[in-house]
A.B. asks: 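Questions regarding the structure given below will be posed in turn.
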Amino acid sequence: MLTPHTTETFGSVLAATMVSSATRDGVFEAWRAHPVEPLTLSPAAHALHYGSACIEGLKAHRGGDGAVRLFRLTDHVERMCASAAAVCLPVPGRELLHAMIRTAVEANLDEVPASPGALYLRPTLIGVDPSIGAAGTPSREAVLFVLASPVGGYFADQRALRLYVETELPRSTPHFGTVKAGANYAMALGVIQRAGAEHGADQVLFAPGGDVQETGASNFVLLDDTRIVTKALDRSFLHGVTRDSMLHLAHHLGYQVEERNISVDELLAWAPRGEAALVGTAAVMSGVGALVHDGARIQVGDGDVGPNTTRLRQALLGVQRGQEPDRWGWTERVPATTGA
Ligand SMILES: *Cc1c(COP(=O)(O)O)cnc(C)c1O
């Protein structure tokens with residue numbers, strides 16, 4: 001039996017400097033960069049009782065040329081603002097959040113590891129109104145902060161993953177699938193823990209009613225020598241920036257891109273002859289070697305990370321590290337370079 005991968009160390013070391021802002025009368029005030037320190041919070045803070053919190057996750061990469069580049073910052077800022085609105089918290093200005101994240105990289109520049117490591121950025125927004133009676137009232141005041149963490153790979157190694165296929169429970173509630181809200185991860189945890197303990201699974205592939213959606217914190221794709229297939233965007237799952245990037249790259253490399261529903265039946269038929277992978281900022285693109293479904297273990301391909309998975313993973317890392325042309329304007333250098 002496989003030993004489950006460990007993700008315990010990912011994100012457990014913080015870079016020295018964080019960047020914070022807070023609202024006054026619901027409006028964010030000037031941010032500041034300062035050493036990482038504990039938050040001062042009322043024990044009645046809204047986020048602690050009613051889950052008014054959301055997060056983002058993105059990376060800054062050190063290239064072969066030594067330059068540091070943030071990947072698709074604008075898209076992550078946009079999604080954070082959408083998440084903030086969904087949990088009814090004050091929505092930060094895009095320019096403010098953009099500047100805070102850039103500053104979190106710049107202030108920790110010497111802690112950006114060489115590849116394959118990266119500096120993982122974690123913007124976090126929490127409701128802080130001190131009232132334990134506010135279950136039905138949004139928090140007017142919020143604290144926004146950006147943490148940075150030097151990371152290696154998310155999964156302990158590049159070994160192919162084992163996924164438990166969950167065909168009853170969804171990962172999240174239908175109207176919160178696209179939101180990076182803390183409560184989504186808490187509600188998926190029990191399912192993931194059980195799949196690990198009972199089936200040695202590294203992660204859970206949520207496929208309620210036979211509709212393949214995504215795993216606990218990554219999107220899911222099928223691929224082979226000619227095609228990449230993934231669920232079309234709807235409200236049920238998180239719209240990953242990595243997913244979108246992979247589809248652009250795959251199309252550019254000549255793969256046929258299919259965005260459509262995938263049934264568990266198709267998944268099981270695909271497994272023996274194709275590849276499957278998780279895609280996300282933390283996972284990058286991680287190959288799947290086996291599925292556990294209905295008590296049976298089904299091997300995916302030859303059980304190892306497939307050649308197309310490796311090829312696309314390398315293509316994405318190449319763009320992120322400035323080794324491949326940035327055709328779609330995805331990267332921004334930190335600090336900014338002046339002119340050409
Ligand atoms: C963050 C996340 C992803 C991946 O999104 P990226 O933008 O690619 O990092 C996928 N699924 C879930 C549930 C997530 O939280």
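Remember, it's 1-based here, ligands and their atoms both numbered in the order they're listed.
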A.B. asks: Which is it for H239 and ligand 1 at heavy atoms under 4.0 Å: side chain, backbone, both or neither?
C.D. replies: neither
A.B. asks: Give the atom numbers and elements of ligand 1 that come within less than 4.0 Å of a heavy atom of R171.
C.D. replies: 13 (C)
A.B. asks: Tell me the closest heavy-atom pair linking A53 and V87, and the distance in Å.
C.D. replies: O-CG1, 4.0 Å
A.B. asks: Under 4.0 Å, counting heavy atoms only: does S245 come that close to any atom of ligand 1?
C.D. replies: no
A.B. asks: With side-chain contact (heavy atoms from CB on, under 4.5 Å) as the test, would you mind laying out the steps for H248 and W330 before giving the verdict?
C.D. replies: CA-CA 11 Å; H248 277 83; W330 285 338; 3.7 Å; yes
A.B. asks: Can you tell me which portion of F237 lies within the under-4.0 Å heavy-atom range of ligand 1? Options are side chain, backbone, both, or neither.
C.D. replies: neither
A.B. asks: For ligand 1, which atoms have a heavy atom of Y185 less than 4.0 angstrom away?
C.D. replies: 14 (C), 15 (O)
A.B. asks: Could you go through Q320 and K59, starting from their C-alpha distance and side-chain angles, then the distance that decides it, and tell me whether this counts as side-chain contact (heavy atoms from CB on, under 4.5 Å)?
C.D. replies: CA-CA 9 Å; Q320 292 173 332; K59 279 178 177 170; over 6 Å; no
A.B. asks: Tell me, which protein residue and heavy-atom name are nearest atom 5 (O) of ligand 1, and how many Å apart are they?
C.D. replies: G240 CA, 3.3 Å
A.B. asks: Supply the atom-to-atom distance H46 NE2 to S131 OG, rounded to the nearest 0.5 angstrom.
C.D. replies: 7.5 Å
A.B. asks: Given the side-chain rings of Y120 and F10, with only the six-membered ring counted for Trp, is the space between their centroids under 6.0 Å?
C.D. replies: yes
A.B. asks: Which atoms of ligand 1 have any heavy atom of S218 under 4.0 Å away?
C.D. replies: 10 (C), 11 (N), 12 (C)
